[in-house]
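Note that the numbering runs from 1 along the sequence shown for the chain.
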Amino acid sequence: MVSRWSRGIFVGASILIGCFYGLVGHAVMPDNIHGTTCPMVKVEVERLPDMNVPRAGHSMFYVNGEMVVVGGHTTGFIPTATAEYYRDGEWHLLQTVYAHDDGFGLVLQSGKILIAGGHERHLGIGQTFPVEMYHPATHAFDGFGCLDHKRAMASGVELDSGKVMVVGNWYGDDAIELFDGNKQFTHVKDVTIPRSYPFVFRTAVNDALVVGGAGTRGEQIKSDIVDRLRGEPLRIPLLEEWHPICDWKLPNPDYFIGNEATGDFSYLFPVQNDDGQVAIALVRNGEFSLLHTDCPVPMESTWGRIRYFANIIVDRHAKRGYLVGLGENDGEHSMKYVLSIDYDKKDAAQLTLYYTDKLPGYEFNIAIDAIGDMVVSGGSMHDNFKPSPAVYLLHFGNHTQGKETPFSFHGFLSYIPWGVAGIALLLLLAYGWHRYRKSRLGEEMETIADPTVEAMPHQTDPTTYAVLMESICQLMDERQLFLNSDLKVSDLAAELKTNSRYVSDCIKQGKNVTFKQFVNGYRIEYAKQLMRQNPDVKLSVVGLKSGFSTEMTFYRTFKASMGMTPKEWVSLLQHG
């Protein structure tokens with residue numbers, strides 16, 4: 001029997017730990033009751049190779065499995081008639097037909113990119129007519145026509161008819177025009193309010209609304225009137241109080257969260273009231289409302305105020321939107337903030353504020369890759385004459401980082417429920433531990449695939465782990481399961497007729513690596529074999545054939561393991 005003294009110690013410790021749990025738990029949990037706390041996560045940042053050309057005011061896309069940057073201006077505030085795509089661990093320079101500094105770009109349903117307009121001269125002066133098409137499969141640009149209005153800082157959206165609606169301008173007349181999908185751009189109507197980089201929201205198969213927070217000279221627009229492609233302008237009551245954020249926008253907006261197949265035309269965009277508070281607005285088939293979130297959009301962090309800008313960029317696969325911000329007074333090197341909006345939640349969208357260390361760059365461009373990571377490129381460094389060639393990768397795809405939040409108090413009494421919850425949790429854990437020890441022996445009797453092992457003894461038994469490890473390696477060698485880019489530890493456990501925990505623990509003890517590192521080791525060796533047998537094969541093909549989900553993941557993993565890129569490894573192989 002447990003002595004009274006021991007029980008007293010246990011209860012006393014439970015109360016103390018419970019109160020501590022209450023304090024800490026209250027500080028680190030999203031505060032839905034008080035609505036004041038948003039979780040914070042430091043995101044892992046990786047420096048990718050620099051672009052060949054320093055640039056700002058450019059467009060950026062992820063198409064055909066590659067990152068592509070187009071146009072912008074380079075050192076000296078000079079428009080550049082160049083583009084680049086990222087493959088085999090480096091940026092490859094291309095020549096465009098025209099220069100597009102602050103032009104607009106739009107990925108069409110065909111997979112091609114329509115690029116148009118931009119400044120006519122150095123220093124961001126004037127606007128242009130030229131239009132061209134980028135063909136990702138051949139990395140070729142085709143100049144084929146001109147806009148009806150010469151434009152810079154315009155926006156566009158493709159309609160179901162295949163036509164493209166274009167609107168917006170900078171220091172020039174604004175109007176709505178349509179591209180017929182072939183060569184012709186035609187004026188449709190003048191707009192009620194001229195705008196630069198406006199938001200364009202489809203409301204039906206061939207109709208759209210035009211909303212903006214900035215005029216053609218960058219001035220703040222506070223208006224509840226929006227223009228329409230078809231029909232008269234509309235008055236939107238929500239926009240009387242909440243105004244679209246008036247700051248520079250991404251030239252290739254992707255804020256659509258709906259489903260065209262079901263007629264759901266839904267979008268997210270950031271708005272701000274006169275007090276400076278930012279919120280997320282939802283537009284669904286022309287109806288405007290504020291998105292219900294589990295906490296308010298945080299306007300400051302532990303390190304100071306946050307200034308959000310641009311539009312929300314959406315990862316539709318993950319059902320998550322991202323709103324980018326900067327440390328308000330950080331200067332040339334600033335903390336980058338990314339507000340993650342998990343919008344497909346039943347009760348309320350879940351907000352998480354990610355942050356980086358201080359990085360150079362301002363007015364950079366962003367795009368989301370195939371696995372949900374964010375690529376950040378270029379920027380003006382607060383000086384349009386000295387843009388940056390830097391490229392960073394923000395690892396959002398796996399969401400494995402731990403969560404942190406600024407500590408906040410609401411009074412000692414508010415922690416009592418958490419303290420009680422902590423005590424209850426500890427008592428439950430104690431009971432669970434007792435039950436666990438009773439059932440442990442039965443659980444450890446699960447069989448594994450190797451017929452020489454009748455049952456799984458205690459997990460620290462080195463003999464059993466050696467047999468299981470041999471079975472795992474034999475399965476990987478003979479069946480090459482690692483070639484499946486979606487391979488999970490549960491898949492391997494199912495093949496061995498055991499459970500995932502045994503497999504994971506066995507790999508950790510036997511190889512001193514995680515399951516992911518273990519599998520990637522096989523993939524790297526397979527990739528090396530492919531490159532030895534055929535040194536001329538495209539390295540992007542090698543990565544996919546070896547089981548990596550994307551080319552970027554292949555390069556990142558290979559370099560981390562081998563200390564050099566695949567291209568450098570092949571070169572060493574050929575000349576060594």
Side-chain angles (χ1 to χ4, degrees), residues 45 47-61 67-84 86 91-105 115-128 130 150-154 168-172 196-197 214-220 245-252 307-311 324-336 356-367 375-392:
V45 178
R47 180 75 180 263
L48 295 182
D50 286 354
M51 296 181 290
N52 293 282
V53 177
R55 61 182 82 223
H58 55 292
S59 299
M60 187 174 183
F61 314 90
M67 280 292 167
V68 181
V69 295
V70 181
H73 62 264
T74 189
T75 306
F77 211 154
I78 299 172
T80 174
T82 63
E84 307 183 41
Y86 188 75
W91 292 94
H92 301 265
L93 192 63
L94 300 170
Q95 192 72 31
T96 59
V97 181
Y98 310 105
H100 300 279
D101 181 20
D102 283 329
F104 88 89
I115 305 161
H119 298 301
E120 183 180 20
R121 299 188 296 280
H122 306 341
L123 311 180
I125 298 173
Q127 314 85 26
T128 62
K150 59 181 181 179
R151 301 176 186 268
M153 298 189 182
N169 210 348
W170 181 254
Y171 273 62
S196 59
Y197 275 146
T216 58
R217 293 177 177 266
E219 73 277 17
Q220 174 75 53
I245 287 183
C246 177
D247 211 330
W248 66 273
K249 305 291 191 295
L250 301 176
N252 49 308
R307 182 174 66 84
Y308 295 101
F309 57 87
N311 45 274
V324 180
L326 296 172
E328 192 168 60
N329 300 309
D330 282 349
E332 192 170 283
H333 287 67
S334 61
M335 295 188 70
K336 306 297 188 286
T356 71
D357 291 324
K358 287 190 175 183
L359 301 174
Y362 176 80
E363 294 192 359
F364 46 82
N365 213 315
I366 62 176
V375 180
V376 179
S377 68
S380 66
M381 307 284 288
H382 286 280
D383 183 349
N384 277 311
F385 293 85
K386 298 177 182 178
S388 170
V391 183
Y392 297 92

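- Panel note: side chain His100, backbone Gly117; a donor-acceptor pair is recorded below 3.5 Å.
- The structure places CG of Leu326 at 4.0 Å from CZ of Phe309, a figure rounded to the nearest 0.5 Å.
- With rounding to the nearest 0.5 angstrom, the CH2 atom of Trp91 is 7.0 Å from the CE atom of Met67.
- Listed by first and then second residue, the salt bridge (Lys or Arg N to Asp or Glu O under 4.0 Å) pairs involving residues 48-57 are Arg47-Asp50, Arg55-Glu84 (not counting sequence neighbours).
- Legend: residues meeting side-chain hydrogen bond (donor to acceptor under 3.5 Å, both in side chains) with His73, ordered by chain and number and at least two apart, are Asp101, Asn384.
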* Assess whether side chain to side chain contact (heavy atoms under 4.5 Å, CB included) is satisfied between Val53 and Leu93, documenting all intermediate values. => CA-CA 8 Å; Val53 177; Leu93 192 63; 3.8 Å; yes
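- Checking side-chain atoms of Asn365 against main-chain N and O of Gly57 turns up no donor-acceptor pair under 3.5 Å.
- At least one test fails for Arg151 against the ring of Phe104: distance under 6.0 Å to the centre or angle within 45° of the axis.
- To the nearest 0.5 Å, the span separating CG on Leu359 from CZ on Phe364 amounts to 8.5 Å.
- With hydrogens and angles ignored, the 3.5 Å screen pairs a side-chain donor or acceptor of Thr128 with a backbone N or O of Gly118.
- At a cut-off of 3.5 Å, with distance as the only test, a side-chain donor of His58 or Ser377 sits close to an acceptor on the other residue.
- Between the side chain of Thr96 and the backbone N or O of Ala81, at least one donor-acceptor pair lies under 3.5 Å.
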